Every structure is written in structure tokens, then in C-alpha cells.
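Note sheet for the following structure.
Sequence lines set the chain letters: A, B, ... in the order given, protein chains first and strands last, and positions in each chain run from 1. Since we're looking at a predicted model, the values are computed, not measured.
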Amino acid sequence: MTHILADDLVVVDFETTGLSPDNGDRAIEIGAVRLRNGQPVETFQALMNPGRRVNSFIEQYTGITNQMLADAAPNAEVMEAFLQFLGSDNLLAHNASFDKKFLDAEFLRIDRQYSGQFACSLLTSRRVFDDAPNHKLGTLVSFKNLHQSGNFHRALFDAQMTAKLWVSLLHEVRQQLAIDVIDLALMQTISKASRRDWQLQARKFLTYENAL
DNA sequence: TGCCAGGCCCTCTTTAGGGCCTT
């Protein structure tokens, strides 16, 4: 059968004016890392001008100022370029429900669509790294001793750290299940499984998959 | 004027409440 591999995808992260596109919030930066066989092979990063000012909390939280955004390309132009970068790849984000709703909202504004599926490193980490003190991206990067040099809350850095976290999750799943090939669908199954027995549900998935 | 995110997940649950994550 054909495998859709969990180590071939685009890791994406948005910085935004707030928490909800339904309340008018917009993306102000996008960062992305393309993984092939679990290795970063290409990156995408761009500030984008949403056409309105961001508040001081966002300036402090991200380090992205109104002055920086004044010189940036408009959202439509950046999102068009990102769609070209993304191609037909699948996607990953830390707390994917957040980044997916901004991706969907920004693409809807320019009448564009993407074909990839989302995976979520936050949900997966809650199962696989259940002994972590919490599941914030920064905590998990420290908890797994992942090499870091940069600033959290900037889109490309967060995407790069999420990519490293994902590779660490894939390594752990390979070890715990004693398998080599990991489908994206297996990771999605794990992310939706109950915390207590995700291994059992993963093995059921693998048994079913092998029977096809 | 008054509203102000939402999906996931646990538990003192399911006729609900609240913490965790993302900006």
C-alpha cells in the first residue's frame, strides 16, 4: 500500500494580531519548515502587513512592531507565495487548531485552497510525552533537550522548534511501537487516542493497516 | 451597550465547569 509518511510535511507557525480570525484578527508573520525524511530541507518566512495596527501586547509578545509591518508585503501577496511553497504537502503545527483557522481564514480572503492534512504536535505530545511538566512548545523543547538558538514567538523559530519536537515524537513512537515506517494517519490516530492506552490504539491501527 | 476564541480533555461528568494551549 502507499504510505503517506509522517516525516515528509511542512511545519507551519503564524504570529497574529490576536486569537480569533472570527473576531477580525489577522496573520502578521508566517514561518515554515519543509521536512523530508525528518530532515529540514527548505524554509519560508515572511512578515505581512494586515492593513491595521497591532496592539502593544502583540508587539511585546512577538517583538514584531508596527514599524516592521509597515514595510512588509500585504497578507494576500505573502499567502499567495506561501501556497506556492506549500504545494501539495501535508501540514503540522503546535496546537494545529489555532494555525489551521488562521491559514483557512487568510486563504479564504484570497480565494485559495490547499490539499494537505494537518497533524498536531501538541495533541501528540500529550500522549507520547505524558511526563512533561506541561506541553507549551518552549517547555517541550527544554524537556527534550532540543538545540535552540533564536527567539520563541517568532514564526520561523517556532516552526523550526516544532519540527525538532516532531522528529523527537516520531523517534519515540518508532521505539515504543518497534516500527520503522510511520504514516501520518498513525500519528493522527495517536493524537486522538486516549492518553492512557495510545499504544494499544496505535497497534490496532497498524494491524488494520497491514490487513489492507 | 455589551459582547469578546475554541477545541481538547479531565473530573467532584454527561442536566457542567474549568484548565491547557495557541497570539
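- Nucleotides B/dT23 and B/dG7 have their C1' atoms positioned 16 Å apart, rounded to a whole Å.
- In this model, the phosphate group of B/dC21 is approached by a side-chain N or O of A/H135 to a distance below 4.0 Å at OP1 or OP2.
- Going from atom CG of A/L69 over to atom C1' of B/dT23 covers 13 Å, rounded to whole Å.
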Within the sub-3.5 Å range, which N or O atoms of nucleotides 1-6 of chain B have a protein N or O partner, and how far apart are they?
| from | atom 1 | to | atom 2 | distance (Å) |
| --- | --- | --- | --- | --- |
| B/dG6 | OP1 | A/D22 | OD2 | 3.4 |

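- No more than 12 heavy atoms of other residues, nucleotides or ligands shown are found within 6.0 angstrom of CZ on A/R53.
- Looking at residues 138-169 of chain A, you'll see A/H153, A/D158 sit with a heavy atom under 4.0 Å from some atom of DNA chain B.
- Using a 4.5 Å heavy-atom cutoff, the side chains of A/Q148 and A/F157 are in contact.
- Nucleotides B/dC8 and B/dT1 place their C1' atoms 33 Å apart, quoted to the nearest Å.
- Where A/R195 and A/K136 meet DNA chain B, the nucleotide closest to each residue was compared, and A/R195 sits on the side nearer the 5' end.
- Within 6.0 Å of CG on A/D197 lie more than 12 heavy atoms contributed by other residues, nucleotides or ligands.
- With P as the reference atom, B/dC4 and B/dG18 are 15 Å apart, rounded to whole Å.
- Nearer to the 5' terminus of DNA chain B, by closest-nucleotide assignment, is the contact made by A/K192 (compared with the other of A/R126 and A/K192).
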